[in-house]
There are 2 protein chains.
Amino acid sequence: MYTMSVPFFQHIKKFVSIPDEDLPGILSHFQVLKVKKKQNLLENGMVCRTNYFVVKGCLRMFFINDKGTEQTIQFAIENWWISDYLAFLNQKESNFCIQAVETSEVLAIDFQTQEKLLAQYPAMEKYFRCVYQKAFAASQLRVKYMYDFSKEDLYLHFEKWFPEFVQRIPQYLVASYLGFTPEYLSEIRKKRIS
Amino acid sequence: MYTMSVPFFQHIKKFVSIPDEDLPGILSHFQVLKVKKKQNLLENGMVCRTNYFVVKGCLRMFFINDKGTEQTIQFAIENWWISDYLAFLNQKESNFCIQAVETSEVLAIDFQTQEKLLAQYPAMEKYFRCVYQKAFAASQLRVKYMYDFSKEDLYLHFEKWFPEFVQRIPQYLVASYLGFTPEYLSEIRKKRIS
DNA sequence: CGCGACGTTGATTTGCCTCAACGATTGTGG
DNA sequence: CCACAATCGTTGAGGCAAATCAACGTCGCG
């Protein structure tokens, strides 16, 4: 329980300086979870009560479109936060599912507890400000890529920047994240080999 | 100068409670700008030094793709913040331009000044945490729409939720924001009338 | 071993883009 | 206040990127 929270503390310290004696108090606000591959942390239609930090493994957030296919809109690997923030902020039902891509270890904090944590530790307020700022920055860049690149370029770019991730994750999930079909991904990979 | 900052104070008070006597001190960190239609606040290739809050009017952020056409990735109307946050956070060159869609009044704060402001007023740390959290939430939803909807549905949805905005803004900018061509937008509108 | 999940391949279809030309509207200087 | 240009919106023909659908190979796992 304590050793597995080390990556979280390191992540906090990348953004704010915080006395070591505060760390246990901070950690006490979280729940440690082990989730098995394919297990869901958030179900479509349920109130999104929880914000998750991935200590080890990989989660994804997806929804199911009218045609019944899953559309992944976000992955979270080590040191990333994930939640449906619109539903989380308003404590409303979510249209998304959050699912473990691999068996994972996560820290979970529900909305009210997070509010308490932030009120109690101003440094955590700053930490989350930095985390969300970075997340939004990444999101801006992503939207740019979606507009700038063809689907083929999207994949080549993704493969170039996250080669280990492409190994780790089944191809149909990569396709789902980049917004195209597994069949087309197959075609792209065939081209790239020759 | 003072009266035009009222909307900003109101916006702050929607997220945090803050004593009125702090407001002048906070405001002193900002520069008040009037920008004319089509005037640029950030130029492609320049270091992104500034974060902008729109008091009145409308800004947009765009880039120019390989084919030389402008791709709008964000609008900011009254009470929205806008910047290229990746470039802003790292104080690096931006690939974007920020331009006034309408003649506008904005509050501007550069990176170092914002850091000072946040250090001095913990309430502002919370304020920006909320602002970025909301921005990221909106961005998640936007990515969902981009995956979920056809271009036609994107427009109909946009028109339904922001009818006044569609009136206010030239159509080719709406098309550029939604990721398709003015010609295709024309086709969509023709269909909708019949 | 046999089943289900995953990846590949090819034929066909389609949503949307490209390009070019033409109205409509706006704004601006004489 | 008008003339002219520039900007913006529309229309249509043709083309391409990527989806759809169906079938088949392959691998891991119970």
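Reminder, nothing fancy here: chain letters follow the sequence lines and each chain counts from 1.
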Between the protein and nucleotides 21-24 of chain D, which nitrogen or oxygen pairs are less than 3.5 angstrom apart?
| unit_1 | atom_1 | unit_2 | atom_2 | d |
| --- | --- | --- | --- | --- |
| D:dC21 | N4 | A:E183 | OE2 | 3.3 |

Distances for protein N or O near nucleotides 25-30 of chain D N or O, under 3.5 Å:
none

Audit row: B:F165, B:F75, ring pair (Phe, Tyr, Trp, His ring centres under 6.0 Å) steps and yes/no: CA-CA 10 Å; B:F165 193 65; B:F75 286 114; 5.1 Å; yes

Trace of the side chain to side chain contact (heavy atoms under 4.5 Å, CB included) decision for B:Y127 with B:I18: CA-CA 10 Å; B:Y127 168 70; B:I18 200 159; over 6 Å; no

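Relative orientation of the B:F53 and B:H11 rings is tilted, given thresholds of 30° and 60° on the angle between their planes. Classification of the A:F30-A:W81 ring pair by plane angle, with boundaries at 30° and 60°, yields tilted. Using cut-offs of 30° and 60° for the angle between ring planes, the B:H157 and B:W161 rings count as tilted. The aromatic rings of B:Y145 and B:F149 lie parallel to each other, with less than 30° between the two planes, well short of the 60° mark. Relative ring orientation between B:F158 and B:Y177 is described as tilted, the plane-to-plane angle lying within the 30° to 60° band.
The side chain of A:Y184 places an N or O atom within less than 4.0 Å of a non-bridging phosphate oxygen (OP1 or OP2) of D:dA18. Dashed line: the shortest gap from a side-chain N or O of A:K67 to OP1 or OP2 of D:dA19 is not under 4.0 Å. Distances shown here put a side-chain N or O of B:R189 below 4.0 Å from the OP1 or OP2 atom of D:dT10. Taking only side-chain nitrogens and oxygens, A:K190 comes nearer than 4.0 Å to OP1 or OP2 of C:dG10.
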Give the table of side-chain donor-acceptor pairs shorter than 3.5 Å for residues 54-64 of chain A, with sequence neighbours excluded, one pair per line with atom names and distance.
| unit_1 | atom_1 | unit_2 | atom_2 | d |
| --- | --- | --- | --- | --- |
| A:R60 | NH1 | A:T72 | OG1 | 2.8 |
| A:R60 | NH2 | A:E70 | OE1 | 2.6 |
| A:R60 | NH2 | A:Q99 | OE1 | 3.1 |

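Residue whose closest nucleotide on DNA chain C sits further toward the 5' end, between B:T181 and B:K37: B:T181. Take the nearest nucleotide of DNA chain C for A:I169 and for B:E187: the residue whose nucleotide is more 5' is A:I169.
More than 12 non-hydrogen atoms from other residues, nucleotides or ligands lie less than 6.0 angstrom from CZ of A:F8. The environment of CZ in B:R142 is crowded: more than 12 heavy-atom neighbours from other residues, nucleotides or ligands sit within 6.0 Å.
In the model, B:Q71 has no side-chain atom that pairs as donor or acceptor with a side-chain atom of A:D148 under 3.5 Å.
When ring centroids are compared, A:F136 and B:Y85 come within the 6.0 Å threshold.
Comparing C:dC17, C:dG7, D:dT10 by their nearest atom to the side chain of A:Q171 picks out C:dG7.
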Dot-bracket pairing map - DNA chain D, Watson-Crick plus G-U, both contacts under 3.5 Å, | cross-strand: |||||||.||||||||||||||||.|||||

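Within a heavy-atom distance below 4.0 Å of DNA chain D, no residue of residues 141-150 of chain B is found. Shown for residues 154-167 of chain A: no residue has heavy atoms falling under 4.0 angstrom of DNA chain D.
Atom pair A:K191:NZ and C:dT9:C1' shows a separation of 15 Å (rounding to whole Å applied).
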